[in-house]
Visitor: 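Before I ask anything, here is the structure I am working with.
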Protein chains: 2
Amino acid sequence: MHRDTRQRRAIRRVFTETARPLSPDDVLELAQRSVPSLGLATVYRNIRRLHDDGWLAEVELPGGGMRYELAARPHHHHFLCRACDQAFDVHNCPESVEELAPDGFTVEGHELILFGLCAACS
Amino acid sequence: MHRDTRQRRAIRRVFTETARPLSPDDVLELAQRSVPSLGLATVYRNIRRLHDDGWLAEVELPGGGMRYELAARPHHHHFLCRACDQAFDVHNCPESVEELAPDGFTVEGHELILFGLCAACS
DNA sequence: GGTTCTTCGAGAATATATTCTCAAGCCCGA
DNA sequence: TCGGGCTTGAGAATATATTCTCGAAGAACC
């Protein structure tokens, strides 16, 4: 059964309060503000469990390493800043983008990534 | 100075004759048809050099591991088959996709990835 | 408060992709 | 043809991300 530990609460809170994909290191840094003794292994353990439970979704962007976001978020895309390497949500989606596939291909989903400089780095 | 070895010729030919992004393992397998003794280290060495020379472009798609394609190819996107894990080119691009970014963000490029089943796996 | 069983923290261990090492081989200009 | 030095092949080594190990800590339940 799932116990409600300080560490797990802090990690969940980081995801609900931060509206962008987070890497395990991001989560460690942010959650340590609540629980300074938090260890990286605990972050990985909890991310894995939250993902297995369907509460977190994986986001794989260029740059190595998986990021995670709340699975319940509505369809959206991402912007990746080449300066600070942070990912941001883009709440627009080009219509009918899945019709671009070659004939004979079955499209099940799509991902759009914009690259550049975020507002803070511009 | 760059010597024109059998191995390097075989690797370059694989890229010019295959119109989709290739992983180092793909290149090894395809180029070994011309040079059976080819080793993986040689594939990595030559890919790196061809990339440094600007002849190859990196393509990073979900699934771990970099893929490469000819840098000279015109703007296009990719389709990733979830069954065979091969990537294919998509020669269409949604217009004005870079205008979707939030205010204050500077967009320098974009990548669109379609997921599903390729023609052979459908 | 005591018991039980999950979870934690820290470092070791593992997985995977890529690069390095080095002796042997081959390209290419002389 | 010859020789220097770039290149190769194979396995060792490295880099990085993630998971495992294990003794200690701490939730949940009585």
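Values below: all heavy atoms of this structure, side chains included; hydrogens, waters and symmetry mates excluded. Throughout, a chain's letter reflects where its sequence line sits, starting with A, and its residues are numbered from 1.
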Visitor: What is the distance, rounded to the nearest whole Å, between atom CG of A:L40 and atom P of C:dA13?
Guide: 18 Å

Visitor: Mind calculating the distance between CD (B:E58) and P (C:dA17) to the nearest angstrom?
Guide: 16 Å

Visitor: How many Å lie between CG on B:D85 and P on C:dT16, as a whole number?
Guide: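 Computing the B:D85:CG to C:dT16:P distance gives 14 Å.
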
Visitor: Is there a side-chain contact between A:Q7 and the phosphate of D:dG26, meaning an N or O under 4.0 Å from OP1 or OP2?
Guide: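 For A:Q7, the contact criterion (side-chain N or O under 4.0 Å from OP1 or OP2 of D:dG26) is not met.
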
Visitor: Would you call B:L70 and B:R73 a side-chain contact if the rule is heavy atoms closer than 4.5 Å?
Guide: yes

Visitor: Starting at atom CZ of B:R3, determine the distance to atom P of C:dG25, rounded to an integer number of angstrom.
Guide: 15 Å

Visitor: Are the side chains of B:H2 and B:R49 in contact, using a 4.5 Å heavy-atom criterion?
Guide: yes

Visitor: Quick test of your reading of the model: are B:D4 and B:R12 salt-bridged, counting only N-O distances below 4.0 Å?
Guide: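 So B:D4 pairs with B:R12 through a salt bridge.
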
Visitor: Rounded to the nearest angstrom, tell me the gap between atom CZ in A:R8 and atom P in D:dA27.
Guide: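 Rounded to the whole Å, the gap is 11 Å.
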
Visitor: So does B:R48 get a side-chain nitrogen or oxygen closer than 4.0 Å to the phosphate oxygens (OP1/OP2) of C:dC20?
Guide: yes

Visitor: Is the shortest side-chain N/O distance from A:T5 to OP1 or OP2 of C:dT6 below 4.0 Å?
Guide: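 So the side-chain polar atoms of A:T5 never come under 4.0 Å of the phosphate oxygens OP1 or OP2 of C:dT6.
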
Visitor: Provide, to the nearest angstrom, the distance between the CG atom belonging to B:L38 and the P atom belonging to D:dT8.
Guide: 8 Å

Visitor: What's the NE2-C1' distance between B:H51 and C:dT19, to the nearest Å?
Guide: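 These atoms are roughly 16 Å apart.
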
Visitor: Does OP1 or OP2 of C:dT18 have a side-chain N or O of B:Y44 closer than 4.0 Å?
Guide: yes

Visitor: Taking only side-chain N and O atoms of B:R9, does any of them lie within less than 4.0 angstrom of OP1 or OP2 on D:dT7?
Guide: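 No, no such contact exists.
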
Visitor: Does a nitrogen or oxygen in the side chain of B:S37 sit under 4.0 Å from OP1 or OP2 of D:dG9?
Guide: yes

Visitor: Side chain of B:N46: nearest nucleotide among C:dC8, D:dT8, D:dG9?
Guide: D:dT8

Visitor: Charged N to carboxylate O under 4.0 angstrom, A:E60 versus A:R67?
Guide: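 No, no charged N to carboxylate O under 4.0 Å.
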
Visitor: Side-chain N or O of B:R49 less than 4.0 angstrom from OP1 or OP2 on D:dT7?
Guide: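 True: B:R49 side-chain N/O within range (under 4.0 Å) of D:dT7 OP1/OP2.
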
Visitor: Between A:M66 and B:A41, just flag the one whose closest nucleotide in DNA chain D comes earlier from the 5' side.
Guide: B:A41

Visitor: Looking only at the side chain of B:T42 (C-beta and beyond, no hydrogens), which of the listed nucleotides C:dC28, D:dT21, D:dG9 gets closest?
Guide: D:dG9

Visitor: Grab the CZ-C1' distance between B:R67 and C:dT18 for me, whole Å please.
Guide: 16 Å

Visitor: Return yes if the base of C:dG9 and the side-chain atoms of A:R45 contain a donor-acceptor N/O pair under 3.5 Å, otherwise no.
Guide: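 Per atom types, the contact qualifies.
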
Visitor: Where each residue is assigned the nucleotide of DNA chain C containing its nearest heavy atom, which of B:Y68 and B:H2 is assigned the position nearer the 5′ end?
Guide: B:Y68

Visitor: Give the ring-plane orientation class for A:W55 versus A:F15, where under 30° counts as parallel, over 60° as perpendicular and anything between as tilted.
Guide: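 Perpendicular.
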
